Amino acid sequence: MVVASSASALPLLRESARAQAAPAGGPFQLAPLPYPADALEPYIDARTMEIHHGKHHAAYVANLNKAVADQPSLAGKSAEELVRQLASVPESVRTAVRNHGGGHVNHTMFWEMLSKGGRKEPRGDLARAIDRAFGGFAGFKDQFGKAAAGVFGSGWAWLTVDDQNSLRIESTPNQDSPLTSGRIPLLALDVWEHAYYLKYQNRRPEYIDAFFHVIHWEHIEERYRKSR
Ligand code: MN
């Protein structure tokens with residue numbers, strides 16, 4: 001009995017190691033951060049980035065995979081399509097897709113919108129559009145900062161383009177995305193406490209100021225070009 005049991009234990013261990021090494025079961029996967037975790041120091045600290053990406057974002061991916069398992073009507077859709085077409089997602093999983101699909105899409109965009117050492121302000125068409133919409137970059141910064149500070153509880157602040165090609169500043173609760181309302185996000189700021197609490201604790205306004213040091217404006221300008 002002892003021999004038989006140890007003989008069968010080995011394949012089980014191998015099976016378990018394989019399951020852990022494989023991507024989370026399902027169509028959606030967590031891409032690596034596009035830079036090292038400490039790349040945004042001191043504005044956003046490495047430990048926050050590791051936990052935010054490796055635990056929080058990873059959990060949205062895993063839970064989105066759970067939500068779409070056994071939903072053949074959703075097979076082959078990208079996470080962005082699911083969030084855009086939330087109304088057509090079966091009601092039994094719509095809230096899960098809204099929360100975890102939104103979480104996956106929002107965070108994937110957010111990482112790409114950040115970098116350190118770039119320009120502190122936009123240029124070109126985006127700069128002109130911001131001037132027209134908000135009376136200058138200072139006006140934009142002020143209004144965006146107020147939207148971010150004004151989110152009650154967990155959510156996001158956004159700069160978006162609407163279907164009239166106008167820029168808007170808005171905020172969403174939880175992991176809701178402007179994509180669901182037909183707008184295209186250009187810039188996003190995660191104001192969930194998990195995004196800043198280790199370094200900034202209750203000082204969300206300091207985190208918002210820090211964010212303006214690590215916006216990847218070249219990428220935001222590219223998003224604006226593609227939106228038109
Ligand atoms: Mn987050």
Side-chain angles (χ1 to χ4, degrees), residues 23-24 26 28-68 78-80 82-84 86 95-116 144-160 169-181 183-216 219-220 223:
F28 301 105
Q29 291 183 34
L30 180 68
L33 280 173
Y35 35 70
D38 64 357
L40 307 175
E41 293 265 12
Y43 303 106
I44 303 179
D45 61 289
R47 188 74 184 122
T48 293
M49 290 299 289
E50 285 164 5
I51 296 171
H52 197 176
H53 174 265
K55 303 293 182 189
H56 292 279
H57 186 174
Y60 295 121
V61 173
N63 287 319
L64 178 60
N65 279 323
K66 274 184 210 155
V68 301
S78 71
E80 200 171 307
L82 292 175
V83 170
R84 263 205 205 102
L86 198 58
T95 299
V97 169
R98 178 178 178 172
N99 291 337
H100 304 295
H104 180 31
V105 170
N106 292 346
H107 286 86
T108 300
M109 284 193 272
F110 184 53
W111 310 133
E112 292 175 350
M113 291 170 176
L114 305 175
S115 77
K116 201 175 74 176
F144 187 93
K146 280 184 177 143
V151 173
F152 181 74
S154 298
W156 294 73
W158 306 88
L159 173 66
T160 61
I169 289 169
E170 54 190 302
S171 63
T172 56
N174 305 311
Q175 294 297 349
D176 287 358
S177 170
L179 289 169
T180 307
S181 309
R183 291 186 290 278
I184 300 170
L186 300 183
L187 178 66
L189 176 55
D190 186 343
V191 292
W192 283 58
E193 282 189 345
H194 70 219
Y196 63 86
Y197 203 83
L198 285 181
K199 183 175 172 78
Y200 296 99
Q201 294 85 49
N202 61 321
R203 304 185 307 277
R204 190 191 286 182
E206 283 183 33
Y207 163 68
I208 295 168
D209 283 345
F211 167 71
F212 275 93
H213 289 268
V214 291
I215 297 173
H216 188 356
H219 175 70
I220 310 306
R223 293 183 69 89

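The structure presented is a predicted model; accordingly, all values stated were derived computationally and were not measured. Counting starts at 1 for both ligands and their atoms, in listed order.
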Pairs where residues 188-200 contributes a residue and the test salt bridge (charged side-chain N to carboxylate O under 4.0 Å, His left out) is met, not counting sequence neighbours | none

Main-chain N/O of L189 paired to W158 side chain as donor or acceptor, under 3.5 Å | no

Verify whether the ring centers belonging to Y60 and H104 lie closer than 6.0 Å.
-> no

Ring centre gap for H107 and W192 strictly below 6.0 Å | no

Within less than 2.8 Å of the Mn ion (ligand 1): protein N, O or S atom count | 4

Of the options R203, H52, R204, which is the one that meets Y196 in a side-chain hydrogen bond (donor to acceptor under 3.5 Å, both in side chains)?
-> R204

Ignoring hydrogens and geometry, is there a side-chain-to-backbone donor-acceptor pair from N65 to F28 under 3.5 Å?
-> yes

